[in-house]
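Fair warning: this is a prediction, and the values are worked out from it, not measured in the lab. Order of the sequence lines sets the chain letters (A, B, ...), proteins ahead of strands, with each chain counted from 1.
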Amino acid sequence: MPCVSNEWELPPELCCRPMPFVALMGLDMIYNAVHRAIWEAFSANRRTDRVPVSFKILPGDHEFPKCRTKRTSYEWYIPKGILKVGWMHKHLNVIPAVAVVFFELDWDEPQWRERQSECSTRVEIVRQSLQGRGTKVAVVLIQKKAPLPPGEDLVASERASTLCAACELSAKALFVLPHTDHIVGYIIRLENAFYELSQGYYHAEARKVKSHKELLNRTTHQLLFVRHQFKIGFFCELKQDTQTALKHYKNAYSHVHELRAYDTNVHEIKTFAGFINYKICRLCFQHNLPLDAISQFRKHVDLCKTKSGSSELAFEHAAWMAKQYSVFGDLFDEAIKLGLTAIQTQHPGFYYQQAAYRAQDRKKMALQLCKPLASVVYPLPDPLETPSGKLDYFGQRPWRQGHQSIDPPDPAREREGILALQLHERAVDHSGLIIPTLSSAVAQFKKYKCPRMKNYLMVQMGEEYYCAKDYTRSLTLFNYVLCEYRVERWWMILTSILSTALKCAFLMAQVQDYITISMELLGRTSTLDDERKSVIQKNLMKVLMNTCPDPEPACDEAAIEVAKRLWKEAASLKTNNMITVEMQNYVPFVECKAAFLQESFSVDSPVKLQLSLRAGCPFPQRYSHLSVTFNNQAYNVSGSCDLSCTTEPPTEGELCLLGGKVQRHDFSFVAETSDTGKAIEIESVRLELGSESGRRLVLHWLGAGGDAASAREAQQVSRSSRRLQHLPSEEPHWDSISIRASTLVQARTPRLTLHVEHDPPALSFELFRLCVCTQSREEQPVSDVQLTISLQPGQDANLSQTTHITLDCNEQCDDSFPAFLHNIPLGNLQPGERMEKDIFVKTTLVGSRIFVISVAYTVTAMVGEGGHHLSCRCQQDETVVIETLQPFDMSVKHFSMKVESMTRIYSDDPFLLQTNILSLSPCPITIARGCFRLQPPMASPDGDPASHLKQVQLQKDEIGSDCCCLQCPPVPDGQSGVAMGTYTIFWKRSSAAPNDPLVTTVLTLPHVIVETIPLYVHAEMPAFGRVREVLPLRFQLHNRTAFVQEVEATVTASDAFMFSGNKLVRLRILAGCEQELLYNLYPLMPGFQALPQLLLRLLHFPGATNEALQRLLPTHIFVKPQARGTNSLTLAAG
Amino acid sequence: MFNVATGGRRRRAFCTMAVCVAVITKENYPLYISNVPAANELKFHYTVHTSLDVVEEKLSAVGKTTSDLRELYLGLLYPTEDYKVYGYVANTKVKFVIVIDSSNTSFRDNEIRSMFRKLHTAYTDVMCNPFYTPGDPIQSKTFDDVISSMMQVC
């Protein structure tokens, strides 16, 4: 077996964590369940809380390798290499630190003596086999009974000491394992004991190696310095003393670089330096010293970088470097998984990246060194073959093992060996090594927030896949990263990736990819020169003609042949000859900008659209079809601007884009009337290249053109707009063309005058007349004129509740009428004709209102000059502000029959009601009549109360009064107010026509407090008196209550009268009955004289005051002077 | 031995100062990239572009601490096997990147800082030109001269 294939792989015994090796001997795993349980307790569940020990079952008579006699002097010894291949394995898995002999023996064994000797024989056998080694031997007695506490079992202690003596064991190496329920607990104690024994063993081994140091000299034993330090380190590691181990490994590392390196041994030195470096880095990470690990690795790389060895095997060095980096990356990554934190600028990704780069170097060198060997025969006998199938020492050449001389022993054999290695290198799949490493690096860079580095590595992966001829993967990776570079506008990188991607697309005959990549390479952001662009454009044309394009430069010959066949196959498929490219995803070579010429178009004028195209390719580019689609499908028919449909027949030049020249196309179409008020948007622009016979390529722009780079460019233009003005206006500058993807269709401007005549302000409840006058200014007769009146939206919502509109003034407009009228047909209008329409508005609440009055009509309009007739609807709006005022204000007064003002009235007592109407209207109003409507129990003593207001005109601030006499019977809740009824006024503006309807305003009369009095007094007397003529005065007292009342009546004296009658009387009045008091007065002096006052005291109503009664009684009377001649007569009568 | 050593020293003395100088906009596209030797242009484009990862990360870290006075000089961004990449971000978020050969160990941090200051001044001069539209690639002879003085053999 040749020893090359995995030459740089680290041996597994180097990479594992060294643990003390303990051999368990004498356990019968096949027939003895107890032994098996013991083994399982040792081997299963080895978690981290248990001591690190590697256990192994060995039969009781196992033969350990013979121990060679150690030399006592190194004087004539020349070492053959640094470290034997098997050394680490031997100490990890072959030579135990502790050999444990298991033996079933109870303390109370009846045949103790026989069993004891059997046990000692077994120990002896093991000891024999380990002759010369320091391995510790221990004995475990498997017992059925649980032991007694120490010191109590005298038999046990006695027999234990005899057993120890028989087996030549120290007391500390004898253990008892009672086979009880708590076996795991005993096992853990046992293994701790074994672990301690092993520590002693490895410590002794390390000391043994250390002791050789004295015997070495610096000239011939350089290799041994390295070997010994490494071994000490390894034993320390086995002892789990990693700090000391690290120290010795570091010593070994510095010794290894003290070795003189030459072509024949550099391989061995590097191999072993790599091993030690691995150990050091690993332990540094383990000790949580990542910076030490990194600096050690840097040092390692720096020291070994120059040790490249033979130039014929330069690839070997690169491969070694790659391995170093990737191993360190793995170590780093493992440390991170165990809790280390990495940062953006220091993480395993960098090491994987370097590993990949070294692998790429290796590939290059291998290509260079091994390519010429195509016809060389592999040398025989195989120089890489060794008799044992493996090497004796790490890192040595199989054909000259053990030689440490500067020059190779056999130059011919050396040449053959190198040749064999080179031939093996030829067979290596380098891409298969590079790609996974790159992939690891990509994952790391992604994790540590380096998207750009990740993309870069993905590009390299893509390139490696390209080299490996896996074009599909390559193209996938390229497509993934292209968009990132496009967005970040790194055009040089983009062009470079596109160039490789184009090769992939060509070699796979991927038509769609080939076309899009070509288009972008021809585009304005491509950094290719014109010569290259011409080639690409020619190829693109070939593809459109459905033929095979010319091969891309520097492609694999065999792959080109395959590609040509694929292209032919693709050409024969007729089904997919239509290819659509979404232009906004790329920066292609054809640019497009579409713009409506105005922000808005009137519906009666044609919508104009300008489409500009520019191509950046070196040759003119023909196209066959250009179309625009809009959001309204209806325009696509008229707007599908097939060039052949436009007015002028297309010349050859029109369907051809010249490089760098701007081509413009103007389109116009008539918007539909249904689109009035809506926006027309360009949904897409399609430009078709190629022909039906070959391939048809549709360039599809979403919206009004623009690609992945144009938004940014437009921004640049806006910054530097000043500069563009200096350009000659002849040739439109591409950058100055802006995109306008949508336009608004506006209604036709109405040609109609509209005004509203009215006489403000409006009075509430009045039917307010608005006269709408319209006059047509159209040249054509207009039809279907409609009037709409409504409150302008956005006003107080309550207004619509208190506003009512009607067309008929004779109708009673009430709350059922709406606050708006829609589409009142007004008929047709001839040009110049005038039309008036009255609208009446009734408002029930004062305030200001805004009305919108609009007149809509249909007219046939002429669009453009083409004679296109369009029936369109126009609308003229007018707003009117109407202020509503209260026409008048009413106040009400109550009077007693004596025309005295009073605040309350008394039941059954007639009173007067006066209403005062105060005009508030700025224009005179006429009150046609008033009308009382009484609400029972209020009644008029004279039947129906008549109104006295008739045809009264009131100016502003004038008052019209009305009066009537009323009476109210007693009511139970008179104190809280009694409704009186309403007062209705029929009125209109004085300026209104005689036949205009009257406005009815109903005013509610206020409530009045009605008081009931217990006693009613009525005074009866003549209208006047005459001096010295008798004047009878009769008081009628009427008890209005349902019970008997006692009244005390007093009459006060008066200077003007003498009188007869009871001055003080007490009387009793039955319920509902009357009593009369009669007085004869004798006036003494003429004039308006105060009458004697009757004072009444109601004994049952002590609270009732005299006031209520006094109001009923006359206070004064006019006394005429004595008539001449009649004086005696009067006296006679008196 | 002696000759080799002096030769080495002389070679170091004649080394180029910077191998690549780049000006990147706020939006991370290049305004100016110049490098020696001119042949390996694409590689330097990649190097500068990937270094933006670190620049962005450093800028976002500054944003968190909300200190108004940010150090413009960002220091070493990427230590690669071949090059050392240094970064500097002006207050307008325009980035300057200088790439120096890794073998060149004579450089001190102060020298890099002064190079960046020089570069910043030159860039400011370009921006002051009324005929220059911000965001356009820099095409200025004066600026070219400043850059080539940074990259010239000293």
Side-chain angles (χ1 to χ4, degrees), chain A residues 294 298 301-302 305 321 325 343-346 349-351 353-355 357-358 361 445-446 448-457 459-460 481 484-497 499-500 525 527 709 711-724 726 735, chain B residues 4 8 20 22-35 38-61 74-87 95 97 102-103 105 127 129-137:
Chain A
I294 290 164
R298 285 241 177 88
V301 168
D302 283 344
K305 211 164 22 180
M321 288 292 276
Y325 277 111
I343 52 166
Q344 192 195 29
T345 49
Q346 190 57 261
F350 288 100
Y351 300 96
Q353 186 190 12
Q354 286 301 323
Y357 290 169
R358 299 297 154 240
D361 289 347
F445 278 104
K446 194 173 174 186
Y448 294 101
K449 289 189 212 158
C450 299
R452 293 177 187 84
M453 185 60 103
K454 186 200 81 178
N455 288 340
Y456 177 39
L457 290 167
V459 171
Q460 289 175 322
V481 295
E484 315 256 341
Y485 287 107
R486 204 178 285 127
V487 167
E488 292 228 303
R489 302 162 51 80
W490 285 71
W491 304 128
M492 180 176 243
I493 295 176
L494 187 74
T495 306
S496 137
I497 300 170
S499 302
T500 320
T525 58
T527 56
R712 173 80 212 157
E713 281 161 5
Q715 196 188 333
Q716 277 301 103
V717 169
S718 69
R719 281 183 185 169
S720 62
S721 55
R722 203 156 37 96
R723 219 169 13 165
L724 293 171
H726 300 293
D735 289 336
Chain B
V4 171
C20 175
V23 181
I24 320 289
T25 59
K26 179 167 165 274
E27 297 86 358
N28 285 339
Y29 68 87
L31 285 184
Y32 188 93
I33 297 189
S34 175
N35 53 277
N40 225 346
E41 205 177 350
L42 183 64
K43 186 177 174 181
F44 284 112
H45 273 250
Y46 275 122
T47 307
V48 173
H49 186 238
T50 49
S51 73
L52 292 178
D53 285 335
V54 188
V55 173
E56 295 259 287
E57 187 69 19
K58 289 199 176 192
L59 284 183
S60 69
L74 297 183
L76 183 66
L77 302 177
Y78 264 117
T80 65
E81 199 73 350
D82 312 322
Y83 303 109
K84 284 182 183 145
V85 186
Y86 293 86
K95 291 133 188 145
V97 174
S102 271
S103 61
T105 51
M127 294 300 286
N129 179 355
F131 297 101
Y132 171 75
T133 307
D136 277 354

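In this structure, CZ on B/F44 lies 12.0 Å from CE on A/M492, to the nearest 0.5 angstrom. For the atom pair CG of B/L52 and SG of A/C450, the computed distance is 11.0 Å after rounding to the nearest 0.5 Å. A/Y456 contributes atom OH, which lies 12.5 Å from atom NE2 of B/H45 (distance to the nearest 0.5 angstrom).
In this pair, A/W490 and B/H49 present their aromatic rings tilted. The plane angle is within the 30 to 60° band.
At a 4.5 Å heavy-atom cutoff, the contact between B/L77 and chain A is made by backbone atoms alone. Both the backbone and the side chain of A/E488 come within less than 4.5 Å of a heavy atom in chain B. Interface remark: A/V301 contributes side-chain atoms only to the contact with chain B (heavy atom separation under 4.5 Å). With a 4.5 Å cut-off on non-hydrogen atoms, A/Y485 touches chain B through its side chain but not through its backbone. For chain B, the nearby part of A/I497 is the side chain; its heavy atoms alone come within less than 4.5 Å.
The list of salt bridge (charged side-chain N to carboxylate O under 4.0 Å, His left out) pairs with a residue in residues 45-55 of chain B, not counting sequence neighbours, reads A/R452-B/D53.
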**Request:** Give the intermediate values and the outcome of side chain to side chain contact (heavy atoms under 4.5 Å, CB included) for residues A/F445 and B/T50.
**Result:** CA-CA 11 Å; A/F445 278 104; B/T50 49; over 6 Å; no

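The closest side-chain heavy-atom distance from A/W491 to B/P30 is not below 4.5 Å.
With sequence neighbours excluded, no residue satisfies salt bridge (charged side-chain N to carboxylate O under 4.0 Å, His left out) with B/E41.
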